[in-house]
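Step one of this worksheet: look at the structure below.
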Amino acid sequence: MTWAMRKGSQMAAYPRTISWIAISVGGLAIFLIFGSWFLVSYPIGSIMRGYFYGVDSSKDLDFVISLGNQSATVPGHDSNVDLVTKKSFSDESIVDGKFESASNPPSQSSLNRPADDKSSDVIDEDLSSKSKSPDATKSSSRSVVPATKEKRDEGTNPSELSSQDESEAPIVTSKVENGGSVSKDSTNNSSDTDTRSKNDIGVKSDDLPDPDDGSTASDLGCDLYHGSWVYDSAGPLYKNNSCPVLSQMQNCQGNGRPDKEYENWRWKPSQCNLPRFDAKTFLKLMSGKTLAFIGDSVARNQMESMLCALWQVEVPKNRGNKKMQRYYFRSTSVMIVRIWSSWLVKQTSEPLDFASDDVVKLHLDAPDDNFMEFIPTFDVIVISSGHWFAKRSVYVLNNEIVGGQLWWPDKSRPMKVNNIEAFRISVETILTSLATSPNYTGLTIVRSYSPDHYEGGAWNTGGSCTGKERPLAIGERVENKFTNIMHDKQVAGFDAAIKKLTNKSRLKLMDITEAFEYRHDGHPGPYRNTDPNKLTKRGPDGKPPPQDCLHWCMPGPVDTWNELVLELIRRDFEGNTQFSS
């Protein structure tokens with residue numbers, strides 16, 4: 001009886017067990033279906049990325065700029081840098097007293113000034129502007145393409161050359177749509193442009209290698225100097241307030257410039273990708289070596305740009321003295337040097353023949369002996385010159401006066417050398433000295449003539465670059481005949497020096513002139529000091545106050561020069577085993 005009841009109880013329990021199993025399996029299935037739907041709808045990667053990085057899409061970390069059938073991937077970067085020091089100091093006070101009065105050479109257009117004109121050769125501090133703040137939502141896919149030389153100002157005598165007025169036509173920008181097609185917009189204030197997000201990007205082309213695969217301009221060995229300016233919403237590598245060595249005269253944002261778009265345009269070679277300047281890569285590549293910037297105040301402009309980029313990863317030790325600025329990066333034993341040399345050739349002040357002691361004499365056939373003794377200690381030299389040949393000076397060859405600029409008192413004597421030819425001779429002289437110096441084995445980079453943008457006159461006759469907020473577009477650039485001939489004379493001097501090379505050094509031309517003729521937006525203009533009462537508008541007579549349209553804002557277009565320098569160094573070092581660390 002007991003057995004029968006036990007058996008019946010077991011049989012009665014089976015259906016209840018099967019029911020619970022069915023319910024459990026069903027619940028698990030529902031859970032899995034719901035979980036799968038949730039993961040598809042809300043990927044864990046996006047959730048985690050948003051949590052840690054504050055973005056909900058990888059598109060915010062890097063993006064592709066398309067131009068026709070070409071593209072470039074621009075990686076994002078972290079601009080939140082914790083600097084060891086915020087203390088500002090002036091390189092002029094560290095290096096040499098004479099630099100302060102010599103840091104502002106005039107535009108070459110001052111050639112038209114009479115020889116007896118006693119006006120100052122230094123650009124005034126009083127400034128003007130009509131710049132406006134750009135809309136924060138302008139398109140990131142705009143591009144300006146300086147493919148060829150569009151306009152020429154012909155029939156100008158070289159002795160009368162000056163900066164030409166550039167077109168005031170509306171900027172023509174290209175907008176790359178998502179489908180990859182390009183449409184032109186001939187107005188600056190297109191509602192379509194103003195409402196497009198800077199993260200609205202084009203598609204990537206298969207014509208170029210994917211930048212993420214490690215391909216660089218060095219791999220292709222391509223022409224670095226023909227291409228286009230493309231908008232990069234990632235912005236500059238540093239900020240004006242994150243670099244203590246930035247000269248206040250080029251601190252455009254700190255001086256009140258209201259627009260910032262000029263900081264975001266990057267140079268894109270036509271056939272390859274110019275890598276963004278990477279401070280750690282540079283320091284590793286230059287480990288144990290010295291790079292020297294030698295030349296005028298534009299050389300200082302470029303040196304400070306490089307220091308600002310390097311400062312974001314390491315604060316250097318200032319080891320400057322009266323002869324040169326020196327910044328030492330302890331982690332890799334890299335030294336960055338700047339030496340002031342206005343003309344790069346020997347200067348004297350003593351009376352010579354019919355030239356009195358109140359005018360500088362330039363010995364065009366002798367290098368500046370203030371720095372030649374240091375040349376063997378440099379591994380890379382970046383040369384900058386040209387703009388000081390607009391200043392009053394006497395030209396000497398073989399201890400004989402052969403010409404002058406804004407000076408020639410004896411009209412009965414024929415002038416053999418003008419300032420343009422003097423520039424060519426000076427370039428050949430300094431480069432030949434480097435190419436034949438027995439103990440110099442480094443790389444010499446000659447940065448080509450840096451164009452100015454004084455429109456409507458010279459620096460002291462109403463020339464202005466006020467209100468320029470974007471690069472010039474195709475059809476808008478008017479060639480400056482003086483800039484062209486100075487560039488050509490510089491190249492001629494470079495070519496002559498190469499033929500005389502006898503040591504193990506190398507000479508490279510970094511030809512930035514044409515590309516930077518499009519960057520009328522990159523100068524300080526009236527924003528050269530912090531004075532809250534400075535003039536920023538034209539006067540009642542329509543004449544603008546003096547302004548700087550020669551040097552470059554930092555951050556700004558000048559940062560491109562150091563991207564090119566890094567690429568040239570990489571190419572050279574990879575081809576020369578003597579530079580292996």
Side-chain angles (χ1 to χ4, degrees), residues 217-218 220-226 269 289-296 298-299 302 339 341 343-346 362-369 371-372 374-387 389 395 397-398 417 419-450 483-516 561-562 564-579:
S218 178
L220 300 177
C222 77
D223 175 8
L224 296 172
Y225 311 114
H226 292 87
K289 301 177 177 61
T290 298
L291 184 151
F293 293 92
I294 302 178
D296 52 22
V298 184
Q302 183 177 0
I339 299 178
S341 180
W343 288 278
L344 298 177
V345 292
K346 183 178 180 180
L362 303 182
H363 298 261
L364 300 176
D365 50 0
D368 187 342
D369 50 16
F371 64 79
M372 285 303 296
F374 304 112
I375 293 301
T377 67
F378 300 149
D379 300 287
V380 179
I381 296 174
V382 180
I383 293 290
S384 169
S385 67
H387 292 281
F389 282 87
Y395 303 140
L397 281 174
N398 296 319
V417 176
N419 69 320
I420 296 172
E421 184 62 17
F423 177 49
R424 182 198 66 78
I425 297 172
S426 73
V427 172
E428 181 177 352
T429 295
I430 183 59
L431 296 183
T432 298
S433 298
L434 296 177
T436 58
S437 178
N439 297 320
Y440 176 56
T441 60
L443 168 66
T444 300
I445 298 174
V446 181
R447 198 213 65 243
S448 68
Y449 189 77
S450 176
T483 295
N484 287 348
I485 197 168
M486 289 293 279
H487 170 268
D488 293 345
K489 290 294 184 180
Q490 185 181 32
V491 172
F494 174 87
D495 290 341
I498 283 184
K499 297 176 182 178
K500 301 176 183 179
L501 182 67
T502 58
N503 59 20
K504 294 182 179 180
S505 69
R506 284 88 55 216
L507 294 176
K508 298 294 181 183
L509 179 67
M510 194 174 86
D511 197 352
I512 58 90
T513 305
E514 182 178 339
F516 275 73
W561 293 356
N562 291 319
L564 292 167
V565 164
L566 175 54
E567 183 57 32
L568 291 178
I569 292 174
R570 185 190 349 251
R571 291 183 180 188
D572 183 81
F573 283 18
E574 288 177 352
N576 292 274
T577 55
Q578 65 182 14
F579 285 99

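Every value quoted in this text rests on a predicted model; they were computed, and no experiment measured them. Basis for what follows: all heavy atoms, side chains included, without hydrogens, waters or symmetry-related copies.
- Nearest heavy atoms, Val380 versus Phe573: CG2-CZ, 4.1 Å.
- For Thr429 against Pro367, the heavy-atom pair with the smallest separation is CG2-N, 3.8 Å.
- Applying the side chain to side chain donor-acceptor pair (under 3.5 Å) test to Ser505 and every residue at least two apart in sequence or in another chain returns Asn503.
- To the nearest 0.5 Å, the span separating CG on Leu224 from CG on Asp511 amounts to 10.5 Å.
- Within the 4.5 Å cutoff, no side-chain heavy atoms of Trp343 are placed close to those of Phe423.
- Taking CG from Leu434 and CG from Leu443, the interatomic distance works out to 11.0 Å, rounded to the nearest 0.5 Å.
- Taking the side chain to side chain donor-acceptor pair (under 3.5 Å) definition, one finds that Ser341 meets it with Asp368, sequence neighbours left out.
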### Task
Assess whether side chain to side chain contact (heavy atoms under 4.5 Å, CB included) is satisfied between Thr444 and Ile294, documenting all intermediate values.
CA-CA 10 Å; Thr444 300; Ile294 302 178; over 6 Å; no
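- Between Arg506 and Asp572 a salt bridge is recorded (basic side-chain N to carboxylate O distance below 4.0 Å).
- Here CG of Leu344 is found 11.5 Å from CG of Leu364. Values are rounded to the nearest 0.5 Å.
- A donor and an acceptor atom, one from each side chain of His226 and Asp223, are located under 3.5 Å apart.
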### Task
Check the pair Ile430 / Met372 against side chain to side chain contact (heavy atoms under 4.5 Å, CB included), numbers first and verdict last.
CA-CA 9 Å; Ile430 183 59; Met372 285 303 296; 4.2 Å; yes
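- Residues forming a side chain to side chain donor-acceptor pair (under 3.5 Å) with Thr290 (at least two apart in sequence, or on another chain): none.
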Output side-chain donor-acceptor pairs under 3.5 Å for residues 488-497, partner residues at least two apart or in another chain, one line each.
unit_1 : atom_1 : unit_2 : atom_2 : d
Lys489 : NZ     : Glu421 : OE1    : 3.1
Gln490 : OE1    : Tyr449 : N      : 2.8
Gln490 : NE2    : Arg447 : O      : 3.3

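- Residues Ser384 and Asp296 bring a donor and an acceptor atom of their side chains to less than 3.5 Å of each other.
- Using a 4.5 Å heavy-atom cutoff, the side chains of Val427 and Ile383 are not in contact.
- In this structure, the separation between CD on Glu428 and NZ on Lys500 is 3.5 Å, given to the nearest 0.5 Å.
- Residue pairs that meet the salt bridge (Lys or Arg N to Asp or Glu O under 4.0 Å) test with at least one member in residues 431-444, sequence neighbours left out, do not exist here.
- Remark: Thr377 engages Phe374 in a side-chain contact (heavy atoms from CB on, under 4.5 Å) (not counting sequence neighbours).
- Distance alone, capped at 3.5 Å, places no donor-acceptor pair between the Arg424 side chain and the Met486 backbone.
- Listed by chain and number, the residues in a side-chain contact (heavy atoms from CB on, under 4.5 Å) with Asp369 are Lys346 (sequence neighbours excluded).
- Thr436 and Tyr440 share no side-chain donor-acceptor pair at under 3.5 Å.
- Taking 4.5 Å as the limit, some side-chain heavy atom of Trp561 sits within range of a side-chain heavy atom of Ile512.
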### Message
Go through it in stages, so that I can follow the logic: the residues are Ile425 and Leu397, the test is side chain to side chain contact (heavy atoms under 4.5 Å, CB included), and I'd like the CA-CA distance, side-chain angles, deciding distance and then a yes or no.
### Response
CA-CA 10 Å; Ile425 297 172; Leu397 281 174; 4.2 Å; yes
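- Taking 4.5 Å as the limit, every side-chain heavy atom of Leu564 sits out of range of all side-chain heavy atoms of Glu567.
- Rounding to the nearest 0.5 Å places NE2 of His363 at 14.0 Å from OG of Ser426.
- Side-chain contact between Val298 and His387 is present, with heavy atoms from C-beta onward closer than 4.5 Å.
- For Tyr395, there are no ring pair (Phe, Tyr, Trp, His ring centres under 6.0 Å) partners at least two apart in sequence or on another chain.
- To the nearest 0.5 angstrom, Leu509 atom CG is 6.0 Å from Ser448 atom OG.
- Contacts of Gln302 classified as side chain to side chain donor-acceptor pair (under 3.5 Å), with partners at least two apart in sequence or in another chain: Asn562.
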